[in-house]
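To start, the structure itself, in C-alpha cells.
As the structure is a prediction and not an experimental result, all values here were calculated from the model. Whatever order the structure lists ligands and atoms in, that order sets their numbers, starting from 1.
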Amino acid sequence: MPANHQHGLMSSPLDAITWPVRTDRLMLRPATREDLEATWQFRRLDGVGRWLTRAPATLEQHRAQLEDGARLAKTLVVVLDGEVIGELMLQVEDAWSQAEVAGRARDVQAELGWVLHPDRAGHGYATEAVRGLIDLCFVELGLRRVTAQCFADNVSSWRLMERLGMRRESYTVRDSLHRSGEWFDGVGYALLAEEW
Ligand SMILES: CC(C)(COP(=O)(O)OP(=O)(O)OC[C@H]1O[C@@H](n2cnc3c(N)ncnc32)[C@H](O)[C@@H]1OP(=O)(O)O)[C@@H](O)C(=O)NCCC(=O)NCCS
C-alpha cells in the first residue's frame, strides 16, 4: 500500500512508484512518522542544519515539521542495513512556460535535496542515493529535468551534484539569507533526462 494512503496523507507523485527502491548498497522509501527518531539523530547535529532550510532546535519542532503532510509527501529516507542514514527531497514542479502552453509544462520537473548522517560521510552513500533518486525521476516518473540549489559555500553539496554530472546553471550573488543574518551566494544545478 502506498505510504501516503497508509498514513492518510495527501496524494503524492511518490504514489506512482513501487517501493522500496534498491540501489547497490541502499534502500530508498517514503518517510513516515515512524522515522522521526532516526532522522532526528542527524537533523539535531549543528553541522547538518547549517546549510538546510530548516534546523529544528528540538525533537518537538522536528516532529511538527515532519508531520506536516506536504513535507512527508516529498520526503524519502535512505536506509543502509536497516538503519536510516539520510533523507532525500523530491518535489515535483511545473516548468516555467508561456501561458498558452502552461498545461504542457505542469509537473514536468523536480527539485531535489539531500541530507546524510555525518557518521556516514565519505563512502559515496549520498551520491548513490541521489543517483537512485534521479533514476526515479527520469525512468519511473518520466520527468524531463531535475534541479537543485545550495549555498555556494556548501561545497560538499555542489561537489555531489558535479559527481553526478549535474550542470551549474546559475551563480547568484548574496541573494540567499542565512539564519546567521548574512546574505550568501547561491548556486543552481540542473540535468535533463536526455543527458542522464
Ligand atoms: C551534502 C552531503 C550529503 C554530502 O555527503 P558526502 O559524504 O560528501 O557524499 P557521499 O556520501 O556521496 O560521499 C562522497 C565522498 O566519498 C568518497 N567515496 C568513497 N566511495 C565512493 C563511492 N563508491 N562513490 C562515490 N564517492 C565515494 C568520495 O570520493 C567523496 O569523498 P571526498 O568528499 O573526500 O571527495 C553531506 O555533506 C550532508 O548531508 N551535508 C549536510 C546537509 C546538506 O548540506 N544538504 C544539502 C543542502 S542543499
Side-chain angles (χ1 to χ4, degrees), residues 21-29 31 35-59 61-62 65-66 68 70-72 74-93 109-137 145-191 196:
V21 165
R22 288 174 203 284
T23 65
D24 283 352
R25 299 172 292 177
L26 305 169
M27 191 187 90
L28 313 180
R29 62 163 173 77
D35 295 314
L36 183 77
E37 300 281 344
T39 50
W40 180 239
Q41 295 313 307
F42 48 84
R43 283 275 177 175
R44 70 190 169 83
L45 305 173
D46 283 343
V48 172
R50 181 167 179 227
W51 297 127
L52 296 175
T53 308
R54 289 179 188 77
T58 63
L59 177 62
Q61 279 179 19
H62 177 53
Q65 287 169 12
L66 190 81
D68 172 341
R71 172 89 182 278
L72 263 188
K74 59 180 183 183
T75 304
L76 304 181
V77 288
V78 180
V79 181
L80 172 71
D81 299 332
E83 184 194 340
V84 174
I85 63 161
E87 275 178 55
L88 300 172
M89 181 190 84
L90 168 55
Q91 177 154 300
V92 176
E93 297 173 338
Q109 62 183 34
E111 184 179 349
L112 311 181
W114 39 78
V115 187
L116 181 72
H117 195 307
D119 287 357
R120 302 299 188 163
H123 300 280
Y125 292 131
T127 304
E128 183 174 322
V130 177
R131 184 180 293 122
L133 182 64
I134 296 176
D135 261 335
L136 279 182
C137 289
R145 182 168 179 261
V146 295
T147 65
Q149 296 175 29
C150 68
F151 286 106
D153 283 347
N154 190 355
V155 177
S156 48
S157 188
W158 62 252
R159 284 186 65 226
L160 180 155
M161 300 191 234
E162 294 192 350
R163 269 198 296 281
L164 289 165
M166 294 182 74
R167 175 181 41 253
R168 182 177 290 195
E169 294 191 338
S170 65
Y171 187 101
T172 48
V173 177
R174 290 199 293 281
D175 66 310
S176 305
L177 182 59
H178 190 264
R179 61 178 68 82
S180 64
E182 253 192 278
W183 289 91
F184 282 122
D185 298 352
V187 287
Y189 281 74
L191 186 74
W196 186 236

State which residues pass side chain to side chain contact (heavy atoms under 4.5 Å, CB included) with A129; sequence neighbours excluded, sorted by chain then number.
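Applying side chain to side chain contact (heavy atoms under 4.5 Å, CB included) to A129 gives L26, L28, V78, L88.
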
The side chain to side chain contact (heavy atoms under 4.5 Å, CB included) partners of R71 (sequence neighbours excluded) come to R43, R54, Q65, D68, T75, E87

Sidechain-backbone polar pair: S176 side chain, F151 backbone, donor-acceptor under 3.5 Å
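It does not hold such a pair.
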
Okay, side chain of S180, backbone of E182: is any donor-acceptor separation there less than 3.5 Å?
yes

For D35, is there an ion pair with R29 - N to carboxylate O distance below 4.0 angstrom?
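Looking at D35 together with R29, the answer is yes, because their closest N to O distance falls below 4.0 Å.
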
Which pairs pass side chain to side chain donor-acceptor pair (under 3.5 Å) with one or both residues in residues 112-128, sequence neighbours excluded?
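The answer is T23-E128, R25-E128, E83-R120, W114-S157, T127-R163.
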
Exactly which residues line ligand 1, taking a heavy atom under 4.0 Å from it as the test?
R25, V48, W51, L52, W114, V115, L116, A121, G122, H123, G124, Y125, A126, T127, Q149, C150, N154, S156, S157, R159, R163

